[in-house]
Amino acid sequence: MAALADYQSTLIQHAMEIGALKFGAFTLKSGRISPYFFNASVLSSGPILAVLSSAYAGTIVDALNSAESPLPTFDILFGPAYKGIPFAATTALVLHTQHNLGVGLAYDRKEAKDHGEGGMMVGVPVAGKKVVILDDVMTSGKACRGAIDIVVKHGGEVIGVVQCLDREEVGQDGVSSTVAEIEGLVGKGRVKSILKMRDLIAWLETSGMTGELEAMKSYWDQYGLK
Ligand code: OMP
């Protein structure tokens, strides 16, 4: 396992302290029973948003500069409702203040508004623009696929995806990886994440939480990347 970068262990440490990362038995949206759950909605204070959005922005900038699998320059960060919205907003702000990179912000509503400005989309119109989707957690890729569909339906081109946590699981067919399935839609090497499941395992290896570590490894054997 590769050593964790400082920002990764800081984020895991904060997530543990505030109960955003929990170990136990959790039923996921996909129906899989997981020994851990990452609840990004708990990441809701100024200090933790600062840590998180700096990590998202750093991941995006590294991806733009990557030699192996660069992310093309893009126009808009799209945060899917609901949890993606504050994270995309604070990350767009940090891209500007810390990296001198100006991108637009867009997000969707879960229910169409039938008065005022109306519609499903808020923020900079995505039509004809290059869009990066920014969201919390990827498991089977269902949520991510939904976000891609929305952007495409409104005329945008999705050129990348950034997640807080890639759980590195096999996709809905139980065979190919979720990342490979999503990269089939947005381009190879264009699904990026701050943390991966292997980083949580690496962190557990240094923390002395042996029971949790064993449970994580057997989950990986069942649903992890093949
Ligand atoms: P998929 O749509 O299967 O990729 O699952 C991703 C979504 O599941 C996230 O957007 C969350 O709503 C939720 N989730 C978590 O928030 N944390 C987890 O650790 C696991 C899940 C999940 O249900 O798979």
Side-chain angles (χ1 to χ4, degrees), residues 8 11-44 48-49 52-53 55-56 59 77-91 107-111 132-152 158 160-186 190-204 209 212-213 215-220 222-226:
Q8 291 176 311
L11 185 56
I12 296 173
Q13 199 65 49
H14 276 285
M16 284 294 288
E17 278 163 22
I18 61 178
L21 175 59
K22 286 196 164 137
F23 296 96
F26 305 91
T27 304
L28 305 184
K29 276 191 190 168
S30 56
R32 296 173 188 175
I33 312 285
S34 167
Y36 77 107
F37 194 83
F38 190 87
N39 183 0
S41 54
V42 178
L43 307 173
S44 294
I48 191 70
L49 282 171
L52 182 63
S53 42
Y56 271 123
T59 302
L77 261 189
F78 177 78
Y82 296 98
K83 282 184 264 177
I85 299 173
F87 300 155
T90 50
T91 301
Y107 52 94
D108 61 332
R109 300 180 207 276
K110 292 226 178 191
E111 285 165 18
V132 167
I133 289 170
L134 187 150
D135 209 356
D136 58 347
V137 176
M138 188 154 77
T139 305
S140 71
K142 192 168 173 230
C144 187
R145 254 183 232 99
I148 293 171
D149 286 351
I150 290 166
V151 172
V152 170
V158 180
V161 171
V162 185
Q163 300 281 338
C164 178
L165 174 66
D166 169 10
R167 295 179 50 110
E168 299 192 282
E169 299 196 16
V170 288
Q172 288 171 323
D173 65 2
V175 182
S176 51
S177 82
T178 297
V179 166
E181 288 177 7
I182 300 296
E183 288 188 347
L185 301 173
V186 305
R190 295 201 186 159
V191 175
K192 311 287 184 181
S193 56
I194 301 171
L195 293 171
K196 295 184 165 54
M197 183 177 179
R198 74 189 66 192
D199 300 321
L200 302 183
I201 291 178
W203 183 84
L204 280 172
M209 295 166 70
E212 288 83 353
L213 179 60
M216 292 287 273
K217 285 182 172 167
S218 59
Y219 187 78
W220 179 284
Q222 197 175 0
Y223 294 117
L225 297 184
K226 302 293 178 240

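Atoms within each ligand, like the ligands themselves, are counted from 1 in listed order.
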Check your understanding: Does the N or O separation between Leu28 and ligand 1 drop below 3.5 Å for any pair?
Key -> no
Exercise for review: Show which atoms of ligand 1 fall inside a sub-4.0 Å distance from at least one heavy-atom site of Phe38.
Suggested key: 15 (C), 16 (O), 17 (N), 18 (C), 19 (O)
Check your understanding: Within the distance-only criterion (no hydrogens, no angle test), does the side chain of Tyr56 pair as donor or acceptor with the backbone N or O of Asp135 below 3.5 angstrom?
Key -> yes
Check your understanding: Are any of the heavy atoms in Arg145 under 4.0 Å away from ligand 1?
Key -> no
Exercise for review: Would you mind running through ligand 1 and noting each atom that sits below 4.0 Å from a heavy atom of Arg167?
Suggested key: 18 (C), 19 (O), 20 (C)
Review point. Are the side chain of Thr178 and the backbone N or O of Thr139 linked by a donor-acceptor pair below 3.5 Å?
Key: yes
Check your understanding: If you measure from each heavy atom of Arg32 to ligand 1, is any distance below 4.0 Å?
Key -> no
Review point. With no hydrogens and no angle check, is any side-chain donor or acceptor of Glu181 less than 3.5 Å from a backbone partner on Gly141?
Key: no
Review point. N/O of Asp135 under 3.5 Å from N/O of ligand 1, yes or no?
Key: no
Check your understanding: Looking at atom 15 (C) of ligand 1, what's its closest protein heavy atom, distance included?
Key -> Phe37 CZ, 3.3 Å
Check your understanding: Do the side chain of Glu183 and the main chain of Val191 share a donor and acceptor less than 3.5 angstrom apart?
Key -> yes
Check your understanding: Does even one non-hydrogen atom of Gly141 get within less than 4.0 Å of ligand 1?
Key -> yes
Exercise for review: Before signing off on this row, confirm whether Tyr36 and ligand 1 have an N or O atom pair separated by under 3.5 Å.
Suggested key: no
Study note, to complete from the structure: The atoms of ligand 1 lying under 4.0 Å from a heavy atom of Lys83, numbered in the order shown, are 11 (C), 12 (O), 16 (O)
Study note, to complete from the structure: Here the atoms of ligand 1 under 4.0 Å from any heavy atom belonging to Ala143 are 2 (O)
Check your understanding: Applying a strict 4.0 Å limit to heavy atoms, is Asn39 in contact with ligand 1?
Key -> no
Check your understanding: Looking only at N/O atoms, are Cys144 and ligand 1 under 3.5 Å apart anywhere?
Key -> no
**Study point:** Residue and atom name of the nearest protein heavy atom (relative to atom 24 (O) of ligand 1), distance in Å to one decimal
**Key:** Thr139 OG1, 2.6 Å
Exercise for review: Please work out which of Lys29, Lys22, Glu169 has its closest non-hydrogen atom nearest to atom 8 (O) of ligand 1.
Suggested key: Lys29
Check your understanding: Looking at Lys142, which atoms of ligand 1 are within less than 4.0 Å of one of its heavy atoms?
Key -> 1 (P), 2 (O), 4 (O)
Point to revise | Crowding at CD, Glu17 (>12 non-hydrogen neighbours, <6.0 Å) | key: yes
